[in-house]
2 protein chains.
Amino acid sequence: MTIAHPEGLKPRKTPRQARSEVTVEAIFEATIQVLLTEGLRRLTTTRVAERAGVSVGTMYQYFPHKQALLYAVLRRHLDAVAKAVETAGGRYRGQPIATIANGLVAAFIDAKAARADVSRALYLVAAGLDTSELLDGMSRRIHDATATLLESAADAEFDELPLVTFTLLSAMFGTVRMIFERGATPATWRGLRAHLPAMCRAYLRETATEKRPAPTPPVPPSRKTTRPGK
Amino acid sequence: MTIAHPEGLKPRKTPRQARSEVTVEAIFEATIQVLLTEGLRRLTTTRVAERAGVSVGTMYQYFPHKQALLYAVLRRHLDAVAKAVETAGGRYRGQPIATIANGLVAAFIDAKAARADVSRALYLVAAGLDTSELLDGMSRRIHDATATLLESAADAEFDELPLVTFTLLSAMFGTVRMIFERGATPATWRGLRAHLPAMCRAYLRETATEKRPAPTPPVPPSRKTTRPGK
DNA sequence: ACCTGAACACCGTTCAAGT
DNA sequence: ACCTGAACACCGTTCAAGT
């Protein structure tokens with residue numbers, strides 16, 4: 001559950017007194033505020049400290065450098081997203097792939113949209129940091145939850161589960177990310193909310209080998225599994 | 001064809017003598033080299049100037065600030081990608097959607113993979129810059145080329161062409177981007193090269209209304225078009 | 001026309017001194 | 001234990017002086 005911090009990005013000390021917990025919390029909140037009001041480019045250690053009502057020195061007592069601070073903020077957000085997908089994984093277990101695809105996309109989009117402004121700001125933060133280990137950890141949680149979910153599907157089996165999971169998630173992550181980085185219109189958002197699940201369903205139907213004959217629809221899924229080689 | 005520079009990101013002057021053209025070219029090349037060997041974080045105006053064999057002052061004669069320099073390098077690369085998709089658009093006009101999907105994905109991946117290291121480095125650059133106008137311009141070219149291509153498909157018509165184009169491209173862009181930002185294994189690359197087109201084909205088949213009865217396959221496409229509203 | 005590089009303002013980070 | 005803020009090193013940017 002806990003993701004290891006890459007060396008050097010650890011918080012410098014853990015708060016031991018009530019006073020310092022308040023301080024750390026204030027620093028977190030100030031970081032997000034400065035990020036949203038001033039932008040990443042103008043996010044300065046001095047500015048964050050000022051906004052948090054502490055001195056720069058205090059900040060450096062908890063975070064060895066600016067990167068570590070941003071890293072910690074990013075980590076919080078990604079953790080919430082991973083949790084959302086894991087929860088969805090529990091809820092849709094054993095359902096048909098259509099339901100799974102819809103549920104998964106909805107959970108992911110909702111988690112991001114809940115704090116859309118923060119999400120958007122953090123994409124920039126993530127790019128400027130060495131986040132490979134953090135993203136690896138979060139991706140693994142989400143990947144595992146998704147693979148387990150797909151494996152439990154009532155009406156389908158997958159020959160290459162890891163690759164299917166990876167492709168599916170890449171499209172989901174990437175699409176939503178794309179939307180966030182450029183400001184999408186509400187119309188685009190609505191459109192995507194329908195078309196992204198549609199794409200996922202179509203893909204899963206294409207790559208699945210049927211487990212039992214589906215009850216209602218007369219449409220036969222393709223029999224051959226797609227081969228990844230070359 | 002030419003994309004307007006956002007205010008303030010214009011090159012400061014255009015080279016008028018052969019000497020300065022050489023200088024600018026050296027600066028471009030130096031930027032990419034420093035980016036690849038030192039990373040974005042250690043990319044310093046002094047370092048780039050040194051590597052290019054000119055003084056900082058000279059650099060500032062051509063680029064008003066560091067951002068403008070990075071912007072220009074990014075612009076070059078994106079232009080090459082847009083050109084690749086436009087070319088593919090010409091080549092696959094009037095083909096069946098399966099062929100179009102395959103060709104489009106291949107063209108895009110190839111364009112990125114051609115200079116994979118530069119691609120990777122530039123994703124970081126793009127995130128740290130105000131690139132909305134640049135990306136809007138490039139996206140428009142790619143979007144237009146793709147929409148025209150889809151409209152020409154021999155075996156399908158699309159009720160909501162703009163939304164379909166957008167969703168398709170988002171998945172493509174996003175997926176490839178995802179791969180680039182984290183180092184993907186060759187196996188993953190090969191897998192994706194097969195599965196990403198498969199996903200695109202499945203999606204297009206799902207959202208298309210058939211133009212003429214397909215000749216070979218007995219699989220009927222779904223008749224109802226997916227509705228984007230809520 | 002084009003180039004140089006010392007000089008300036010600003011930001012990340014430290015550390016001796018405080019409570 | 002926790003906090004302060006002047007001090008230092010480094011980076012982006014400028015501009016008077018050169019060819």
Side-chain angles (χ1 to χ4, degrees), chain A residues 7-31 34-35 37-74 124-125 128-130, chain B residues 7-31 34-35 37-74 124-125 128-130:
Chain A
E7 206 46 50
L9 285 178
K10 283 189 232 297
R12 186 165 266 173
K13 64 191 278 190
T14 321
R16 304 206 175 279
Q17 292 188 1
R19 176 165 53 146
S20 59
E21 261 183 59
V22 173
T23 302
V24 170
E25 194 49 43
I27 294 175
F28 273 128
E29 195 48 45
T31 307
V34 173
L35 209 51
T37 58
E38 310 266 352
L40 180 57
R41 189 145 228 111
R42 302 196 60 202
L43 186 143
T44 278
T45 48
T46 324
R47 244 186 279 270
V48 170
E50 189 180 25
R51 175 116 199 176
V54 298
S55 82
V56 235
T58 300
M59 262 191 50
Y60 276 85
Q61 216 164 12
Y62 297 99
F63 305 96
H65 42 248
K66 190 181 157 186
Q67 284 184 66
L69 171 64
L70 293 172
Y71 189 92
V73 172
L74 178 63
L124 294 186
V125 170
L129 254 47
D130 181 22
Chain B
E7 206 46 51
L9 285 179
K10 281 189 233 299
R12 186 165 266 172
K13 63 189 279 188
T14 323
R16 303 204 176 280
Q17 292 187 2
R19 176 164 54 145
S20 59
E21 262 183 58
V22 173
T23 303
V24 170
E25 195 49 44
I27 294 174
F28 273 127
E29 196 46 45
T31 306
V34 173
L35 209 51
T37 58
E38 309 267 353
L40 180 57
R41 190 145 228 113
R42 302 197 60 204
L43 185 143
T44 276
T45 48
T46 323
R47 244 185 280 269
V48 170
E50 190 180 23
R51 174 116 200 178
V54 298
S55 82
V56 236
T58 299
M59 262 191 51
Y60 276 84
Q61 217 165 11
Y62 296 99
F63 305 96
H65 42 251
K66 189 180 158 187
Q67 284 184 65
L69 171 64
L70 293 172
Y71 188 92
V73 172
L74 178 62
L124 294 186
V125 169
L129 254 44
D130 180 21

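Letters A, B, ... mirror the listed sequences (proteins, then strands); counts begin at 1.
Note: L35(B) CG to R47(B) CZ = 12.5 Å, rounded to the nearest 0.5 Å. Between the CZ atom in R42(B) and the OG1 atom in T37(B) there is a gap of 9.0 Å [rounded to 0.5 Å].
Across the protein-nucleic acid pair, M59(B) atom CE and dC2(C) atom P stand 17 Å apart, rounded to whole Å. Per the geometry, CZ belonging to R41(A) stands 12 Å off P belonging to dG12(C), to the nearest Å. Summarising the geometry, the separation between NE2 on H65(A) and C1' on dC11(C) is reported as 15 Å, rounded to the nearest angstrom. Following rounding to the nearest Å, L69(B) (CG) and dC11(D) (P) show an atom-to-atom distance of 16 Å. Going from atom NZ of K66(B) over to atom P of dA9(C) covers 21 Å, rounded to whole Å. The nearest whole Å value for the distance from the CZ atom in F63(B) to the P atom in dG12(D) is 15 Å. The interatomic distance linking Q67(B) (CD) with dC11(D) (P) rounds to 18 Å, in whole Å. Atom CD1 of I27(A) is separated from atom C1' of dC2(D) by 12 Å (rounded to the nearest Å).
Side chain of V56(A), nearest nucleotide from dG5(D), dC3(C), dC11(D): dG5(D). Checked against dG12(D), dC2(D), dC2(C), the side chain of Q61(A) finds its nearest nucleotide in dC2(D).
The closest side-chain heavy-atom distance from L43(B) to K66(B) is below 4.5 Å. A 4.5 Å side-chain heavy-atom check between L69(B) and T31(B) finds at least one atom pair inside the cut-off. Using a 4.5 Å cut-off on side-chain heavy atoms (C-beta onward), L70(B) and L74(B) make no contact.
Using a 4.0 Å cut-off, no side-chain N or O of T58(B) falls inside it from OP1 or OP2 of dC2(C). Contact annotation: R47(B) reaches the phosphate of dC11(D) (side-chain N/O to OP1 or OP2, under 4.0 Å). T45(B) has a side-chain polar atom (N or O) that falls below the 4.0 Å cut-off from OP1 or OP2 of dG12(D). The side chain of T44(B) contributes no N or O atom lying less than 4.0 Å from OP1 or OP2 of dC10(D). Contact between the side-chain N/O atoms of S20(B) and the OP1/OP2 oxygens of dC2(C) is found at a separation under 4.0 Å. Taking side-chain N and O atoms only, Y60(B) has no distance below 4.0 Å to OP1 or OP2 of dT4(C).
L43(A) comes within 4.0 angstrom of sugar-phosphate atoms only, judged by non-hydrogen atoms across all strands, and of no base.
With a cut-off of 3.5 Å on both pairing distances, the Watson-Crick or G-U wobble partner of dT19(D) is dA1(C). Using Watson-Crick or G-U wobble geometry with both donor-acceptor distances under 3.5 Å, dG12(D) finds its partner in dC8(C).
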